[in-house]
Student: 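Below is a structure I'd like to ask you about.
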Amino acid sequence: MYSRVFIFVLCIQMCLFYKIREKKRVCVIGAGIAGLSSARYLKEEGIDFVVFEATKYIGGTWRYDPRVGTDENGLPLHTSMYKHLHTNLPKPTMELRGFPLPDGIPSFPSWKIYYDYLKDYAKHFDIEKYIQFRHNVTLVRREQNVWKVTHEHVITGEVFEENYDYVIVGNGHFSTPNMPNIRGEKLFKGTIIHSHDYRVPDVYKDRRVLVVGAGPSGMDIGLDVAECSKSLLHSHHSKVNFRTPFPPHYVRKPDVKEFNETGVIFVDGTYEEIDDVIYCTGFQYDYPFLDKTCGLDIDPHSVVPLYKYMVNIRQPSMVILGLVVRACLVVALDAQARYATALIKGNFTLPSEAEMMDEWQRRADAIRSKGLRMSHIHTLAEKEDEYYAELSEQSGIERVPPVMFKIRAMDIEAKLENLYTYRHYVYKVIDDNTFVRTLEKEQINDTLVI
Ligand SMILES: Cc1cc2nc3c(=O)[nH]c(=O)nc-3n(C[C@H](O)[C@H](O)[C@H](O)COP(=O)(O)OP(=O)(O)OC[C@H]3O[C@@H](n4cnc5c(N)ncnc54)[C@H](O)[C@@H]3O)c2cc1C
Ligand SMILES: *[C@@H]1O[C@H](CO)[C@@H](O)[C@H](O)[C@H]1NC(C)=O
Ligand SMILES: *[C@@H]1O[C@H](CO)[C@@H](O)[C@H](O)[C@H]1NC(C)=O
Ligand SMILES: *[C@@H]1O[C@H](CO)[C@@H](O)[C@H](O)[C@H]1NC(C)=O
Ligand SMILES: *[C@@H]1O[C@H](CO)[C@@H](O)[C@H](O)[C@H]1NC(C)=O
């Protein structure tokens, strides 16, 4: 009798348990790498979810569009891709888990190869049917313990609103330009664009071009333009020791002081006549749809407070993916998507808000005490591998192997050595801790090949 009652109670409890679990609904914002990988893992776990994507395409920034500004419907173009782009990280670090890039492609594939890879990924995991294309999420707010998500069909203008238990934000953060606003810009008679709108170098043929900024875009676009421009002035204050043998028409300049009609005056007082300017001054974090009730403090250069660089501490049923810099972003996104899925699945529970806040506060204090800007709160750099270890330890997801971090470190060295040749190296993973680096076949001096 006793045991019968026990079993009865257990049954009821299990039914309730499953009912609650069944009801869990997840909203994923964006169908770039963040959204696609989230979709794959949520699907594998049988979790109820939907992906909203503002465009009619998957792949986010990896889809090149020759146009700038707006598309055929007058909608803003999200992509920052340019025609000649090849990845700036080698093949193994660009692969999503369990889905290798094809054999026989370059070690640093073109955007086209990579974009095709993402399309194959979506097809392979049969993800498209979960995506509502042309649905622009316009508002996410927290109300009575649910997420109220408003989205709008970008063509018909029809507005929808639903409730969700979890929100995974994957709208990317390489789309909203960070403009430096330099004195005299309005006087300048030449062209000024931001790297978001850079597409092809041809338009700079035989012109005197100024590139501002020495991040990955600044270096890559600078060299792309220098292939055909008459001169390439590169203004930046990077302390990095670039040992690249730059061509004679490439000239390093300090920061820009101001423009006038015909050119630019630098902070060292020198003046140069120029025709065109490309600002490679980075992007701003932009989450126009996140309402105050989300509990995040968002400014153009930081999003806080986040636990493990992704969980919204004040509302931990929201995660924001991809907010790590100086890391293998694709591999990190894949791990974050798995961590988020494991969290939603209930595989682990987060620490209390106070504990999460404490951990975050310690990182924030360390940054402040070094006199650094709060934007550093998103920097992984030498902490990258430790981060992957922590994510796995806590959530039980498979660990991103240390070899990824090691490859990235060697690639950084190769970039410092020579930006023209770092893509000639091929990196092959041997095991979780080791890799070999060789030269791509075309680069091997024939006399050395037996
Ligand atoms: C020029 C360039 C080169 C890069 N090169 C490399 C590289 O070599 N290696 C590397 O690892 N990384 C590189 N990156 C970083 C790149 O951003 C990541 O590889 C990756 O694409 C990020 O994916 P994501 O899903 O976070 O964002 P995105 O690819 O930006 O995708 C976001 C998606 O969300 C959609 N969206 C935005 N807002 C909304 C909304 N409100 N409602 C609905 N949908 C919305 C967008 O339309 C888009 O499809 C590069 C980035 C740029 C810009
Ligand atoms: C999405 O909505 C925002 C307003 O919330 C708007 O600024 C943006 O242009 C829209 N994007 C698209 C692609 O319709
Ligand atoms: C811009 O400033 C430089 C340096 O002061 C000067 O030589 C040049 O004539 C100025 N151009 C115009 C159009 O005023
Ligand atoms: C959650 O745990 C189950 C059981 O251990 C495991 O099979 C599954 O892969 C885990 N899910 C994630 C996303 O880690
Ligand atoms: C190849 O190697 C030989 C012998 O070391 C050398 O003479 C030749 O210049 C090299 N060729 C190239 C293209 O580097």
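Atoms within each ligand, like the ligands themselves, are counted from 1 in listed order. Along the sequence shown, residues are numbered consecutively beginning with 1. For clarity, every value in this text was computed on a predicted model and none was experimentally measured.
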Student: Students should be able to answer this: which protein heavy-atom is nearest to atom 27 (O) of ligand 1, and at what distance?
Tutor: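 Protein heavy atom at minimum distance: G172 CA, 3.2 Å.
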Student: Compare L89, N171, V51 and give the one whose heavy atom is closest to atom 39 (C) of ligand 1.
Tutor: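 It is N171 that holds the nearest heavy atom.
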Student: Could you tell me the residue and atom name of the protein heavy atom closest to atom 29 (O) of ligand 1, and the distance to it rounded to 0.1 Å?
Tutor: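 Its nearest protein heavy-atom neighbour is T61 N, 3.0 Å.
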Student: Give me the residue, atom name and distance of the protein heavy atom closest to atom 17 (O) of ligand 1.
Tutor: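 Result for atom 17 (O) of ligand 1: F174 CD1, 3.1 Å.
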Student: For atom 11 (O) of ligand 1, which candidate among R63, H173, R408, M94 provides the closest heavy atom?
Tutor: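 Nearest heavy atom to atom 11 (O) of ligand 1 lies in M94.
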Student: If you measure from each non-hydrogen atom of F289 to ligand 1, which part falls under 4.0 Å: side chain, backbone, both or neither?
Tutor: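 F289 to ligand 1: side-chain contact only, backbone stays beyond 4.0 Å.
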Student: Just which atoms of ligand 4 are under 4.0 Å from any heavy atom in A342?
Tutor: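 Every atom of ligand 4 under 4.0 Å from some heavy atom of A342: 12 (C), 13 (C), 14 (O).
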Student: Do me a favour and list the nearest non-hydrogen protein atom to atom 47 (O) of ligand 1 with residue, atom name and distance?
Tutor: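 Protein heavy atom at minimum distance: E53 OE2, 2.7 Å.
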Student: For the 3.5 Å polar cut-off, considering only N or O atoms, please tell me whether Y271 and ligand 3 meet it.
Tutor: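 The answer is no, given that Y271 and ligand 3 share no N or O pair closer than 3.5 Å.
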Student: Could you identify the single nearest non-hydrogen protein atom to atom 8 (C) of ligand 4 and state the distance to 0.1 Å?
Tutor: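 Protein heavy atom with the smallest distance to atom 8 (C) of ligand 4: E45 OE2, 3.3 Å.
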Student: So which of L96, I58, I33 actually passes side chain to side chain contact (heavy atoms under 4.5 Å, CB included) with Y121?
Tutor: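 For Y121, the side chain to side chain contact (heavy atoms under 4.5 Å, CB included) test succeeds with only one of L96, I58, I33, which is L96.
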Student: Counting non-hydrogen protein atoms only, what is the nearest one to atom 3 (C) of ligand 1? Give residue, atom name and distance.
Tutor: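 For this ligand atom, the closest protein heavy atom is L85 CD1, 3.5 Å.
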Student: Which residue supplies the protein heavy atom nearest to atom 7 (C) of ligand 1, what is that atom called, and how far is it?
Tutor: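 The protein heavy atom lying closest is N88 OD1, 3.3 Å.
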Student: Less than 3.5 Å between some nitrogen or oxygen of G35 and one of ligand 1, yes or no?
Tutor: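 Between G35 and ligand 1, no N or O pair is found under 3.5 Å apart.
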Student: For S175, state whether at least one heavy atom is located under 4.0 Å from any atom of ligand 1.
Tutor: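 No heavy atom of S175 comes that close to ligand 1.
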Student: Students should be able to answer this: which protein heavy-atom is nearest to atom 12 (N) of ligand 1, and at what distance?
Tutor: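 Going atom by atom, the protein heavy atom closest to atom 12 (N) of ligand 1 ends up being W62 CZ2, 4.1 Å.
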Student: Of all the non-hydrogen atoms in the protein, which one sits nearest to atom 2 (O) of ligand 3, and at what distance?
Tutor: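 For atom 2 (O) of ligand 3, the nearest protein heavy atom is N260 ND2, 2.2 Å.
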Student: For atom 5 (O) of ligand 3, what's the nearest protein heavy atom and its distance?
Tutor: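 Checked against all protein heavy atoms, atom 5 (O) of ligand 3 sits closest to I265 CD1, 4.2 Å.
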Student: Taking distance alone, with no angle check, do H78 and ligand 1 share an N/O pair under 3.5 Å?
Tutor: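 So ligand 1 has an N or O lying under 3.5 Å from an N or O of H78.
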Student: Evaluating non-hydrogen atoms only, which member of T87, V137, V330, L118 is closest to atom 41 (N) of ligand 1?
Tutor: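 Answer by nearest heavy atom: V137.
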Student: Would a distance-only check, ignoring hydrogens and angles, find a side-chain to backbone donor-acceptor pair under 3.5 Å from Y57 to A31?
Tutor: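 Pair absent, no side-chain N/O of Y57 close to backbone of A31.
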Student: Any carboxylate oxygen within less than 4.0 angstrom of a Lys/Arg side-chain nitrogen, looking at D126 and K129?
Tutor: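 Salt bridge flag = yes for K129 with D126.
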Student: Less than 3.5 Å apart, any donor N or O on the side chain of Y307 or N312 sitting next to an acceptor on the other?
Tutor: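 The criterion, which ignores hydrogens and geometry beyond distance, is not satisfied for N312 and Y307.
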Student: Any heavy atom of G322 closer to ligand 1 than 4.0 angstrom?
Tutor: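 The answer is no, since G322 has no heavy atom less than 4.0 Å from ligand 1.
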Student: For atom 40 (C) of ligand 1, what is the closest protein heavy atom, and at what distance to 0.1 Å?
Tutor: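 Protein heavy atom at minimum distance: N136 OD1, 3.4 Å.
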Student: Any atoms of ligand 4 less than 4.0 Å from a non-hydrogen atom of R338? List them with their elements.
Tutor: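 Ligand 4 atoms under the 4.0 Å threshold to R338: 13 (C).
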Student: Which ligand 4 atoms, with their elements, are less than 4.0 angstrom from a heavy-atom of I397?
Tutor: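 Near I397, the atoms of ligand 4 are 14 (O).
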Student: Looking only at the side chains, is there a donor atom on one of E185 and Y279 sitting less than 3.5 Å from an acceptor on the other?
Tutor: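 Their side chains do contain a donor-acceptor pair, which is all the 3.5 Å distance test asks for.
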Student: Quick one: does S38's side chain have a donor or acceptor within less than 3.5 Å of a partner on A34's backbone?
Tutor: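 Yes, because the side chain of S38 sits within donor-acceptor range (under 3.5 Å) of the backbone of A34.
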Student: Do the side-chain N and O atoms of D268 and T270 include a donor-acceptor pair separated by under 3.5 angstrom?
Tutor: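 On atom types as modelled, these side chains qualify, holding a pair under 3.5 Å.
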Student: In terms of residue, atom name and distance, what is the protein heavy atom nearest to atom 1 (C) of ligand 4?
Tutor: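 Sorting protein heavy atoms by distance from atom 1 (C) of ligand 4 puts N347 ND2, 1.5 Å first.
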Student: Does atom 14 (O) of ligand 3 have a protein non-hydrogen atom under 4.0 Å from it?
Tutor: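 Yes, there is a protein heavy atom closer to it than 4.0 Å.
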Student: Does a side chain donor of either D334 or S37 reach within less than 3.5 Å of an acceptor in the other side chain?
Tutor: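 No, no side-chain donor-acceptor pair sits under 3.5 Å.
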Student: Between A34 and ligand 1, is there a nitrogen or oxygen pair with a distance under 3.5 Å?
Tutor: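 Between A34 and ligand 1 (N or O atoms, distance only) the closest approach is under 3.5 Å.
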Student: Quick one: do T150 and V137 satisfy side chain to side chain contact (heavy atoms under 4.5 Å, CB included)? Show the steps, please.
Tutor: CA-CA 6 Å; T150 310; V137 172; over 6 Å; no
Student: Taking the non-hydrogen atoms of H135, is any one of them nearer than 4.0 angstrom to ligand 1?
Tutor: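 Judged by the 4.0 Å heavy-atom criterion, H135 does count as contacting ligand 1.
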